*Asks:* 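Got a structure for you, questions after.
Since this is a predicted model, take the numbers as computed values, not measurements.
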Amino acid sequence: MKKLIAGILAAGVAVASLVAPVATTAGQVYAEEAEGGSRNALQVTPSGARLTFSKGEVLEGHAEHCPRGDDGCSITVTNIGTGPIRFRVYVSPYVVSGEENELSFTEESSTSYTQLSKWIKIQNEEGEFVDEAIFSAEPNEGKTVQYRITTPEDMPGGSQYAVIWAQIINDGESNGIETVGQIGAVLTGRSTEDIVETAEISDYDFMKFTFGGPLTAKATVKNTGNVDFAARYYYTAKTIFGKELYSNGTEDFVAAYPGTTYHIDFEWEDPPFLGIFQVEWKVVAADQEETHSAIVIIMPIIVMIVMVLLLTVIIIWIIIISRKRKERKARKLV
């Protein structure tokens with residue numbers, strides 16, 4: 001048997017689900033491969049959802065704060081393999097830490113921002129809401145799995161993160177259940193009260209002179225609030241007459257999580273070989289914005305050497321002309 005343990009979640013999809021509109025692309029996981037296709041394969045939709053909730057609230061079905069659309073507070077797990085499958089649905093914390101937004105899903109790494117995993121129950125096939133449930137599905141069969149979120153009266157303000165997992169399992173002949181792969185849907189939410197969306201921007205600067213090569217800019221952003229946000233940065237270069245030479249557009253951002261500091265290092269890789277132009281460097285993070293414009297000069301060493309030589313020749317020529325004029329005046333006086 002060949003087993004392929006799927007990557008837990010694509011990091012880009014996971015991050016995007018927190019700071020951008022929720023991705024609706026189905027997540028997929030493959031386990032035991034068979035000739036002509038994967039014997040065990042799961043697909044989960046949606047791959048993530050954004051929620052809002054209040055203290056002491058119950059989110060279930062199509063409640064006001066459940067995701068909009070036909071799904072409501074549910075995920076659909078589809079067997080896209082070639083054989084029947086059993087899978088386990090359960091919940092874990094979704095912990096993001098460090099500047100590189102490292103992911104962890106253990107209770108040991110849980111924080112005040114991952115309490116959501118404790119508030120979620122899964123509805124089993126008997127209609128009961130439990131911590132985890134096991135389902136069976138034939139090829140091409142999809143199972144809609146409902147979940148219920150019950151928020152406590154003392155719920156902390158700010159963001160909350162959790163993952164609902166669908167885990168493929170095999171029935172071992174002698175050793176019980178064997179897990180062979182899993183995929184998850186990221187749930188991210190915000191409380192309707194006690195929201196603090198603040199940031200600090202420091203170490204803000206950009207290159208204003210270079211002998212050649214890439215032009216760089218930098219900034220440090222600290223999320224000082226209790227919700228995640230996208231820290232966006234914009235680099236624009238124009239000629240002194242206002243014609244745009246380069247812009248990084250609006251796609252570049254850093255997914256900033258509460259209590260974490262991020263270093264933004266931007267690089268314009270292919271600027272002109274030689275030039276004098278106007279650059280604007282802008283960083284926007286939560287309630288803070290830094291914008292500065294300045295003249296930037298690219299002067300290669302070879303060009304500078306040529307200019308120095310030319311300047312030296314001009315100065316020498318001026319000195320020679322000046323001396324000749326003085327000599328002529330002296331002769332006239334004699």
*Asks:* May I have all residue pairs that pass salt bridge (Lys or Arg N to Asp or Glu O under 4.0 Å) and include part of residues 233-246, sequence neighbours excluded?
*Replies:*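 Counting only pairs at least two positions apart or across chains, no salt bridge (Lys or Arg N to Asp or Glu O under 4.0 Å) contact touches residues 233-246.
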*Asks:* Once side chain to side chain donor-acceptor pair (under 3.5 Å) is applied, do any residues pair with Thr114, and if so which ones, sequence neighbours excluded?
*Replies:*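 In terms of side chain to side chain donor-acceptor pair (under 3.5 Å), with neighbours along the sequence ignored, Thr114 is linked to Ser110.
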*Asks:* Parallel, tilted or perpendicular: which one describes the rings of Phe266 and Tyr233, with boundaries at 30° and 60°?
*Replies:*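 Judged by the thresholds at 30° and 60°, the geometry between Phe266 and Tyr233 is perpendicular.
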*Asks:* For Thr192 and Ser54, does a side-chain donor sit closer than 3.5 Å to a side-chain acceptor?
*Replies:*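 A donor-acceptor contact under 3.5 Å links the two side chains.
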*Asks:* Considering only Ile, Leu, Val, Met, Phe, Trp and Tyr, and joining two whenever side-chain heavy atoms are under 4.5 Å apart, list the other residues clustered with Val58.
*Replies:*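 Joined to Val58, directly or through intermediates: none.
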*Asks:* Whether the Glu100 and Tyr262 side chains hold a donor-acceptor pair (N or O, under 3.5 Å, no angle test) is what I'd like checked.
*Replies:*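 No pair is found: no donor N or O on one side chain lies under 3.5 Å from an acceptor on the other.
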*Asks:* Clusters formed by hydrophobic residues whose side-chain heavy atoms approach within less than 4.5 Å: which one holds Tyr234, and what are its other members?
*Replies:*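 Hydrophobic cluster check, Tyr234: joined to Val284.
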*Asks:* Could you work out the complete set of other residues in the hydrophobic cluster of Ile319, with links drawn between I, L, V, M, F, W and Y side chains under 4.5 Å apart?
*Replies:*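 Joined to Ile319, directly or through intermediates: Leu311, Ile315.
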*Asks:* With Phe135, which residues qualify under ring pair (Phe, Tyr, Trp, His ring centres under 6.0 Å), at least two apart?
*Replies:*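 With sequence neighbours excluded, Phe135 shows a ring pair (Phe, Tyr, Trp, His ring centres under 6.0 Å) to Phe87, given in chain and number order.
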*Asks:* Backbone N or O of Thr111 within a donor-acceptor pair of the Gln115 side chain at under 3.5 Å?
*Replies:*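 Yes: the side chain of Gln115 pairs with the backbone of Thr111.
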*Asks:* Applying side chain to side chain contact (heavy atoms under 4.5 Å, CB included), run through Gln278 and Phe241 and close with a yes or a no.
*Replies:* CA-CA 9 Å; Gln278 185 86 8; Phe241 301 106; over 6 Å; no
*Asks:* Please determine, by modelled atom types, if Glu99 and His263 share a side-chain donor-acceptor pair under 3.5 angstrom.
*Replies:*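 Judged by distance alone, the side chains do pair up.
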*Asks:* Side chains of Leu116 and Thr151: does their closest heavy-atom pair fall under 4.5 Å?
*Replies:*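 Contact flag for Leu116/Thr151 side chains = no.
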*Asks:* Using the side chain to side chain donor-acceptor pair (under 3.5 Å) criterion, which residues pair with Glu153? Sequence neighbours excluded.
*Replies:*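 Partners of Glu153 under the side chain to side chain donor-acceptor pair (under 3.5 Å) test: none.
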*Asks:* For Tyr204 and Phe206, run ring pair (Phe, Tyr, Trp, His ring centres under 6.0 Å): C-alpha distance rounded to whole Å, both residues' side-chain angles, the deciding distance at 0.1 Å, then the answer.
*Replies:* CA-CA 7 Å; Tyr204 172 89; Phe206 62 96; 7.0 Å; no
*Asks:* With a 4.5 Å cut-off on side-chain heavy atoms, are Phe209 and Val296 touching?
*Replies:*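 Side chain of Val296 against side chain of Phe209, heavy atoms only: no contact under 4.5 Å found.
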*Asks:* Once side chain to side chain donor-acceptor pair (under 3.5 Å) is applied, do any residues pair with Glu200, and if so which ones, sequence neighbours excluded?
*Replies:*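 Glu200 satisfies side chain to side chain donor-acceptor pair (under 3.5 Å) with no other residue.
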*Asks:* Leu103 versus Val95: any side-chain heavy-atom pair under 4.5 Å?
*Replies:*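 A side-chain contact is absent here, since even the closest heavy-atom pair is not under 4.5 Å.
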*Asks:* If you apply the rule side chain to side chain contact (heavy atoms under 4.5 Å, CB included), what do you find for Trp281 with Leu215, and how did you get there?
*Replies:* CA-CA 12 Å; Trp281 173 232; Leu215 289 174; over 6 Å; no
*Asks:* Could you tell me if Trp165 and Ser92 have a donor-acceptor pair between their side chains, going purely by distance under 3.5 Å?
*Replies:*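 Yes, because at least one side-chain N or O of Ser92 sits under 3.5 Å from a partner of the opposite role on Trp165.
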*Asks:* Salt bridge check: are Asp205 and Lys208 linked by an N-O gap of less than 4.0 Å?
*Replies:*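 Yes.
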*Asks:* Under 3.5 Å, is there a donor-acceptor pair linking the side chains of Gln123 and Gln146?
*Replies:*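 Not at all, the side chains of Gln123 and Gln146 share no donor-acceptor pair under 3.5 Å.
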*Asks:* Side chains of Thr261 and Val221: closer than 4.5 Å at any heavy-atom pair?
*Replies:*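 Contact flag for Thr261/Val221 side chains = no.
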*Asks:* Do Ser74 and Thr144 meet the criterion of a side-chain donor-acceptor pair at a distance under 3.5 Å?
*Replies:*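 No, no side-chain donor-acceptor contact under 3.5 Å.
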*Asks:* Any heavy-atom pair between the side chains of Ile298 and Pro271 that's under 4.5 Å?
*Replies:*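 Side chain of Pro271 against side chain of Ile298, heavy atoms only: contact under 4.5 Å found.
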*Asks:* Is there a side-chain contact between Thr210 and Met207, using heavy atoms and a 4.5 Å cut-off?
*Replies:*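 SC-SC contact between Thr210 and Met207 confirmed.
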*Asks:* Quick one: which residue pairs count as a ring-ring contact (aromatic ring centres under 6.0 Å, His included) with a foot in residues 306-327, not counting sequence neighbours?
*Replies:*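 Output for this query is empty, none listed.
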*Asks:* So do Pro67 and Leu51 actually touch side chain to side chain, heavy atoms under 4.5 Å?
*Replies:*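 The answer is yes, as the side chains (C-beta and beyond) meet within the 4.5 Å cut-off.
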*Asks:* State whether Lys282 and Glu290 are salt-bridged, where the test is any N-O pair (Lys NZ or Arg NE/NH1/NH2 against Asp/Glu carboxylate O) under 4.0 Å.
*Replies:*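 The answer is no: the pair does not qualify as a salt bridge.
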*Asks:* Using 4.0 Å as the upper bound for N to carboxylate O, is an ion pair formed by Arg190 and Glu197?
*Replies:*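 Looking at Arg190 together with Glu197, the answer is yes, because their closest N to O distance falls below 4.0 Å.
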*Asks:* How would you list, by chain and number, every residue that makes a side chain to side chain donor-acceptor pair (under 3.5 Å) with Glu125, sequence neighbours excluded?
*Replies:*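 Applying side chain to side chain donor-acceptor pair (under 3.5 Å) to Glu125 gives Lys143.
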*Asks:* Can a donor-acceptor pair be found, under 3.5 Å and without considering hydrogens, that links the side chain of Glu267 to the backbone of Thr216?
*Replies:*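 Between the backbone of Thr216 and the side chain of Glu267 there is no qualifying donor-acceptor contact (under 3.5 Å).
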*Asks:* Compute whether any side-chain donor of one residue and acceptor of the other, for Tyr161 and Asp228, lie under 3.5 angstrom apart.
*Replies:*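 Indeed, the side chains of Tyr161 and Asp228 share at least one donor-acceptor pair under 3.5 Å.
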*Asks:* Could you list all the ring-ring contact (aromatic ring centres under 6.0 Å, His included) pairs where at least one residue sits in residues 107-130, not counting sequence neighbours?
*Replies:*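 Found none.
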*Asks:* Are the charged groups of Lys121 and Asp131 less than 4.0 angstrom apart, N to O?
*Replies:*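 Looking at Asp131 together with Lys121, the answer is yes, because their closest N to O distance falls below 4.0 Å.
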*Asks:* Looking at side-chain heavy atoms only, is the closest gap between Thr260 and Asn223 below 4.5 Å?
*Replies:*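 No, too far: nothing below the 4.5 Å cut-off.
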*Asks:* Under the salt bridge (Lys or Arg N to Asp or Glu O under 4.0 Å) rule, collect the residues that match up with Asp194, sequence neighbours excluded.
*Replies:*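 Here the qualifying residues are Lys55.
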